[in-house]
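In what follows, a single structure is set out as structure tokens and then discussed.
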Amino acid sequence: MSKKVLFILMPKQFQDHEFNIPYQALLQKGFSVDVAGLQPGEASGGLGMTFTPNKQLSDLQDKDFDTYDALVIPGGPGSTRYLWKNKAVQHVAQYFNQHKKIVATICNACAVPAEAGLLKNKKATIYPADESKALFAQHSVTFVDN
């Protein structure tokens with residue numbers, strides 16, 4: 001049986017490599033991958049990549065998340081606009097975590113599990129901007145620079 005992974009992709013300014021490299025690697029390993037957009041239509045990366053998600057996050061319900069084994073959220077310059085303080089994305093991360101499923105975030109998307117309370121009193125890394133470090137501090141996450 002194939003493992004199933006859900007990506008959440010920002011509509012604009014996602015980091016092309018943070019999305020495409022894990023996406024392609026999972027496909028090559030035989031995983032079934034769905035990509036849920038935050039807005040309808042084509043998403044555009046900060047480096048020029050475009051991708052049209054096959055699902056919309058707003059159309060998915062908790063029962064739909066039960067069909068997935070892991071969640072991946074790539075970051076990018078648009079993270080502060082589209083991911084930070086996004087209660088719907090936080091809910092998905094909390095749901096996966098509560099059901100003992102993998103929650104993987106990359107770079108600035110690490111704000112999602114921090115704001116969702118998944119990293120409280122833990123060490124984590126995020127893009128090392130002052131705003132990111134302040135967000136971690138606000139949510140009792142210890143920033144580490146690796």
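Computed from a prediction, not measured in an experiment: that's the story for all the values here. What you see below is based on every heavy atom in this structure, not just the backbone, and it leaves out hydrogens, waters and symmetry mates.
Between C110 and P113 the shortest heavy-atom distance is O-CD, 3.2 Å. When all heavy atoms are compared, the tightest approach of G41 to P53 is O-CD, 3.4 Å. The two residues A109 and S79 make their nearest non-hydrogen contact at N-OG, 4.0 Å. Of all heavy-atom pairs between V141 and K120, the closest is CG2-N, 4.4 Å. For A116 against Q94, the heavy-atom pair with the smallest separation is O-NE2, 2.9 Å.
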Sequence neighbours excluded and cut-off under 3.5 Å, please list the side-chain donor-acceptor pairs for residues 123-137, or say none.
| residue | atom | partner | partner atom | Å |
| --- | --- | --- | --- | --- |
| T125 | OG1 | V144 | O | 2.9 |
| S132 | OG | N108 | OD1 | 3.2 |
| S132 | OG | Y127 | O | 3.1 |

Output side-chain donor-acceptor pairs under 3.5 Å for residues 61-72, partner residues at least two apart or in another chain, one line each.
| residue | atom | partner | partner atom | Å |
| --- | --- | --- | --- | --- |
| D62 | OD1 | H91 | NE2 | 2.7 |
| D64 | OD2 | Q61 | N | 2.7 |
| D66 | OD1 | Y95 | OH | 2.5 |
| D66 | OD2 | Y95 | OH | 3.3 |
| T67 | OG1 | D64 | O | 2.7 |
| Y68 | OH | D34 | OD2 | 2.6 |
| D69 | OD2 | K4 | N | 2.8 |

In residues 14-24, what donor-acceptor pairs under 3.5 Å come from side-chain atoms, sequence neighbours left out?
| residue | atom | partner | partner atom | Å |
| --- | --- | --- | --- | --- |
| Q15 | OE1 | H17 | N | 2.7 |
| Q15 | OE1 | E18 | N | 2.9 |
| D16 | OD1 | G46 | N | 3.0 |
| D16 | OD1 | L47 | N | 2.8 |
| D16 | OD2 | G48 | N | 3.4 |
| D16 | OD2 | M49 | N | 2.7 |
| E18 | OE1 | G75 | N | 2.8 |
| N20 | OD1 | Q24 | NE2 | 3.4 |

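For NZ of K12, the number of neighbouring non-hydrogen atoms (other residues, nucleotides, ligands) closer than 6.0 Å is 12 at most.
With contacts defined as side-chain heavy-atom distances shorter than 4.5 Å, the pair L9/P74 qualifies. Residues H139 and E115 are in side-chain contact: their nearest non-hydrogen atoms beyond the backbone lie under 4.5 Å apart. At a threshold of 4.5 Å between non-hydrogen side-chain atoms, the residues V89 and Y82 do not count as touching. With contacts defined as side-chain heavy-atom distances shorter than 4.5 Å, the pair N86/V112 does not qualify.
In summary, of the residues considered (L60, I73, V33), a side-chain contact (heavy atoms from CB on, under 4.5 Å) with L6 occurs for L60 alone.
Note that CD of Q13 is 10.0 Å distant from OG1 of T80, once rounded to the nearest 0.5 Å. Atom CD1 of residue I102 and atom NZ of residue K3 lie 8.0 Å apart, to the nearest 0.5 angstrom.
There is a path of hydrophobic side-chain contacts, each under 4.5 Å, that joins F96 to V35.
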**OP:** Determine, step by step, whether M10 and L83 satisfy the side-chain contact (heavy atoms from CB on, under 4.5 Å) criterion, reporting the C-alpha distance in whole Å, the side-chain angles of both residues, the deciding distance to 0.1 Å, and the verdict.
**Re:** CA-CA 8 Å; M10 297 180 287; L83 296 178; 3.8 Å; yes
